[in-house]
Amino acid sequence: MSGRGSIPAASLFGLLILWTVAATLTADPQVLPQPWALAGPFLRELQSGDLLYHLGATLLRVIWAFALAMAIGCALGLVMGRFEKVDRWLDPWLVVFLNLPALVLIVLCYLWIGLNETAAIIAVTLNKVPNVTTVIREGARAFDPNLDAMARVYRMSAWTRLRHVLIPQLAPFITAAARGGLAVIWKIVLVVEFLGRSSGIGFQIHLYFQLFDVAMVLVYALSFIAVMLAVEWTFLQPWERRVRRWRVA
Amino acid sequence: MSGRGSIPAASLFGLLILWTVAATLTADPQVLPQPWALAGPFLRELQSGDLLYHLGATLLRVIWAFALAMAIGCALGLVMGRFEKVDRWLDPWLVVFLNLPALVLIVLCYLWIGLNETAAIIAVTLNKVPNVTTVIREGARAFDPNLDAMARVYRMSAWTRLRHVLIPQLAPFITAAARGGLAVIWKIVLVVEFLGRSSGIGFQIHLYFQLFDVAMVLVYALSFIAVMLAVEWTFLQPWERRVRRWRVA
Amino acid sequence: MIRIDVTSKHYGESQVLGPIAFEIAKGETVAVLGPSGIGKSTLLRIVAGIDTRFEGTVQRPARMAIVFQEPTLLPWRSVIQNLTLVHPDLSRDAAREMLAKVGIGDKADLFPGQLSLGQQRRLALARAFAGNPDFLIMDEPFVSLDAATAQTMLDLTKTLIRDVGPATLFVTHARNEAEALSARILELRGTPATLGPHLISAKEKP
Amino acid sequence: MIRIDVTSKHYGESQVLGPIAFEIAKGETVAVLGPSGIGKSTLLRIVAGIDTRFEGTVQRPARMAIVFQEPTLLPWRSVIQNLTLVHPDLSRDAAREMLAKVGIGDKADLFPGQLSLGQQRRLALARAFAGNPDFLIMDEPFVSLDAATAQTMLDLTKTLIRDVGPATLFVTHARNEAEALSARILELRGTPATLGPHLISAKEKP
Amino acid sequence: QDMPTVRAAVLQIGTVNWELATITENGLDEKHGFDLEVQPFADNGATRVAVEGDEADIAVADWIWVARQRAAGKDYVFIPYSRAVGGVVVPEDSDAQSLQDLAGGKIGIAGGPLDKSWLILRAYASREYGLDLAGETEQVFGAPPLIFKSGLGGETDGAINYWHFLAKMKAAGMRELISVETAGTALGLNPDTPLLGYFMKESFIEANPGIAQAFYDASQDAKGLLREDDAAWEAIRPRMNASDDAQFEQLKADFIAGMPVRGPVDLGGAERFLELMAELGGEDLVGQATTVPDGLFADVQ
Ligand SMILES: Nc1ncnc2c1ncn2[C@@H]1O[C@H](COP(=O)(O)OP(=O)(O)OP(=O)(O)O)[C@@H](O)[C@H]1O
Ligand SMILES: Nc1ncnc2c1ncn2[C@@H]1O[C@H](COP(=O)(O)OP(=O)(O)OP(=O)(O)O)[C@@H](O)[C@H]1O
Ligand SMILES: [Mg+2]
Ligand SMILES: [Mg+2]
């Protein structure tokens, strides 16, 4: 376990060194401050409670949108991947929604539903669902027909089939969608927050960008990244290792 | 072929009807105009040449960034998926770059490289590479070890292995990354254009959004979507059908 | 009572099966013989209801068990789960006992990928036997096994047929297997494949 | 000259192979026998250089050909491409001829998934034969085939060995196959598996 | 109590906050019979979405924009707030002495091709020097902070930015080549016409009679305080993000210089201004507002 932890630590340390070099070359703390120059602002924001407040607000939105988008996207992707007919009908919609600019969807949601949390979360979800759907659909198209036949002949229940036959085959696609998904969601949450919320990391980042305070922008951005790294290491990767056990055994 | 084309057409028509209903319910052309209300502005922009100019600018950026991001992302993903060691080292970087807000990367690129086309394309590429990498990495992790062993014993050349053993296994992941990729790239291009370019769909959309001219925002957004639908139908889907032939046969 | 009445089966342009009709009574065993590539697996898939794109009708009971020509296991679930997930009513103890019968009792907690191919095939057999089916379909069930193990499997099959009494349809290249199970023999011949002239079945011989 | 000297092979805690050492001369044929699950495939994978996690050393030539226990084809490439991609020097005509020899000449442009399992196995054999290898490794190459087809394959193998003269190592459950190829027989026994006492090889018999 | 609440959607870092903070901190809202509630947002578009979606009652915009919306059927009404507009700044060591000298160079512009400062300067260049500024220079449109930074870094030969960024650029040593006010005056525009203002819906005024006047009074009171009382500036200094005294003083001076005189808007001046904008920006900018729509300017004294 200590061996497993040491490489990521060393790797992150390498990134830090790269940053230091870049900052030294840039030689302009307004464009790229040295990593340690962020410690002060970070502690200040932490103590004032601002950081945690905004981080909490963003995380809440990300979690909601993530859960909704994954649930809807997986269901849609599964159905579209398995049933050619449904796919034919829904595919053009998928392309349209996939390529509808975030801005348009967000503004429409805000105008229809109001400038509130529901609208924000729905906007993010709508933006993200098509992404998840496309990835899962590819996975569903690659199902092994022999296992399907086996499950059918032995009359496995729908739930068992889903859980033990289909989802394990989808696993790499689900992890890809989840990982990429979190990142995309958080990018959209930033836009959503900057277009119509009064809290959240996106709100703060845009604020400080307007003020050209790159240090604060980085403090907020990196706080979220730290949370994401924690999520990677405590949830996603252990889960991945578990579902991949059969491959390496 | 006519049978194949008619369902998408009907499906898009359904979307149009949905839009009409929504617009009628909204009853405020400034929030959501009727579809046919866009015909006028669309023709105007088309005739003035503005639409094609900005569409061209955006497409050029999208194509460049797409090509770069797919190439780099596929290579990285393949290497990280196959070599556990490399993966251990690069994984934390991947998570960091995956979750670095688009804004931060874009602003840093503009500040370092200057407010020019190169910076814009690099910014988009950097934003997108981690997404492609995560998807392809999952695919590379799911490679069939038996085929690998076969290729090794028969000493297939590296190129043949890549082309005929590895890439076909990656195909669903590549399509997922490409399709989701185009969409994400274009979302980022919008931000890039709005932050520091003087042309492109994103630039126009933000301009008209500032003027609260939803009709024009939609004209520009839908033009791009139309191009994407064309790309789907003329490139992506035929390619997909080709590489999937062996599954359905 | 199982009634098979296939008029024809095409893959694209080429016709693989011609008219094939036969019945299998409860407790009866039928062996299908024929050269490689004639259409035996195709026929079995039609009988099992996996392939529905054919001309004709098939009557079959609901409780079926099948042994495919390849093991077709869930590689991401343990050996024992490959039994218990497919047969939710099967207790873990009964499952272990079944594994022991086919000689892989010590492998219960491994993944199928950690078994040798012969062991995987035996797991597939165990899975088929565990459900006490009304209709047992097997596609070359005893290949890839050494003589002693093959004999054990054959005996297990005999015991199952005696105790549970399913209708059994199986493909084999080894006439002695068919005889050991006292099976009525159907031989596929020609292109498109049809049933060959009636052969003396093992049952009728003595 | 092929020299195999395996001291041990473990999967996790459990040791599968004990000390196993033998040599195969150019042109010589060696058959490995043993019950299912003893470690025959494991040994073959070590010999072929696929599995490198073992104690011991193996000397082998570069030009090898292998027939796995399962066909292991490229399902997304046509039947003929499965030959020509693996052997870039093989002309399309030669490939077609090879396919005809194993009895699937009319299937050249189908995908492997459109073949019966027996046909897939024959394609895997064709792939191994097509390269004129110095060392031919085969894991139960003739199962799942009817008697006539199996005989054809056996004859093809004999011809190859006569014409090209590779060292051959193959696994089988059928002693008659070993004899037909005049193979020296090695028998795996026990846990961990070791070579059984020297048996009278087919060659020495007459 | 039944004092009406006025919900203002503003940019968190907008300069309008200085005035609104002065109002709330000095109780000027209660004095004039309403309760001011400030909702911060991160983007101008967001504040406008907020008013349109009835999540806020007022926001800030220039009156050309409000006129455009009104002509398109919205019942927006404009209440003057500031006439502060920008100008062009050039690096300290630049040789440029007039707009003419920027020909062939690169200009960074915040706010896009329809930015009012940019349009007025174009008109001025064409009138004064017969110079097609848009044609003769390369324009880089970008987010204000990027224009700020690339201006300071010398990547652009000239920069047009929002006034508070301009104040910072000037404080950093950049030189104002020409202010939009000068250019506008030379074009015959009334420099006292306030460009920026609050807008609210007519329906809101109907529901709260007298609210427009009350709000205007409070705004004027706040301006008075800021004009006369340094303590009022000290109170809002933390919001100003001035990194040094020079910036603080420049921001303060420019803010005060941008205060419009009390009283109704000069309709004639507005009409001329709109005409010029329509000529320069075309329908893209003004929409259907070819003349000042009736009732655009709130009836405030
Ligand atoms: N990855 C693995 N992890 C653990 N045990 C394994 C693994 N692979 C194989 N084994 C075990 O090693 C033993 C030998 O397997 P191997 O495949 O070599 O058998 P075999 O002699 O080829 O049998 P068969 O005739 O059935 O193919 C088996 O008991 C199997 O369970
Ligand atoms: N999807 C398909 N498309 C086209 N032809 C197919 C397809 N599947 C099978 N065939 C052809 O149908 C014929 C019968 O195949 P089948 O698998 O039923 O043979 P089999 O009798 O089971 O042979 P084996 O003993 O080798 O398993 C073969 O010639 C095969 O090439
Ligand atoms: Mg078969
Ligand atoms: Mg084996």
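Within the model, atoms CZ of D:Arg45 and CG of B:Asn146 stand 6.0 Å from one another, a figure rounded to the nearest 0.5 Å. Rounding to the nearest 0.5 Å gives a distance of 8.5 Å between OG1 of D:Thr84 and NE2 of B:His164.
Looking at heavy atoms from C-beta onward, D:Leu73 lies out of side-chain contact with B:Met150 at the 4.5 angstrom threshold. Between B:Gln169 and D:Trp76, some side-chain heavy-atom pair lies under the 4.5 Å cut-off. At a threshold of 4.5 Å between non-hydrogen side-chain atoms, the residues D:Pro75 and B:Arg247 do not count as touching.
With a 4.5 Å cut-off on non-hydrogen atoms, D:Arg127 touches chain B through its backbone and its side chain both. Within the 4.5 angstrom heavy-atom criterion, no atom of D:Leu110 approaches chain B.
Note: D:Ala65 leads D:Ala48, D:Ala65, D:Pro112 in heavy-atom pairs under 4.5 Å with chain B. Comparing B:Thr160, B:Val165, B:Val243 by how many heavy-atom pairs each has under 4.5 Å with chain D, the most go to B:Val165.
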Item checked: Stepwise side chain to side chain contact (heavy atoms under 4.5 Å, CB included) test for D:Met64 and B:Arg155 -> CA-CA 8 Å; D:Met64 290 187 295; B:Arg155 299 185 300 156; over 6 Å; no
Next item on the list: Before giving the answer on side chain to side chain contact (heavy atoms under 4.5 Å, CB included), spell out for D:Phe111 and B:Arg245 the whole-Å C-alpha distance, their side-chain angles and the decisive distance to 0.1 Å.
Entry: CA-CA 9 Å; D:Phe111 289 110; B:Arg245 249 179 339 157; 4.0 Å; yes
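Evaluation of the ring-ring contact (aromatic ring centres under 6.0 Å, His included) rule for B:Tyr154 yields D:His87 as partners, not counting sequence neighbours.
When every heavy atom of B:Ala149 is checked against every heavy atom of D:Ile50, the shortest pair comes out as CB-CG2, 3.5 Å. Nearest heavy atoms, B:Arg152 versus D:Gly49: NH1-O, 3.9 Å.
Other residues, nucleotides and ligands place more than 12 heavy atoms under 6.0 Å from the OH atom of D:Tyr11.
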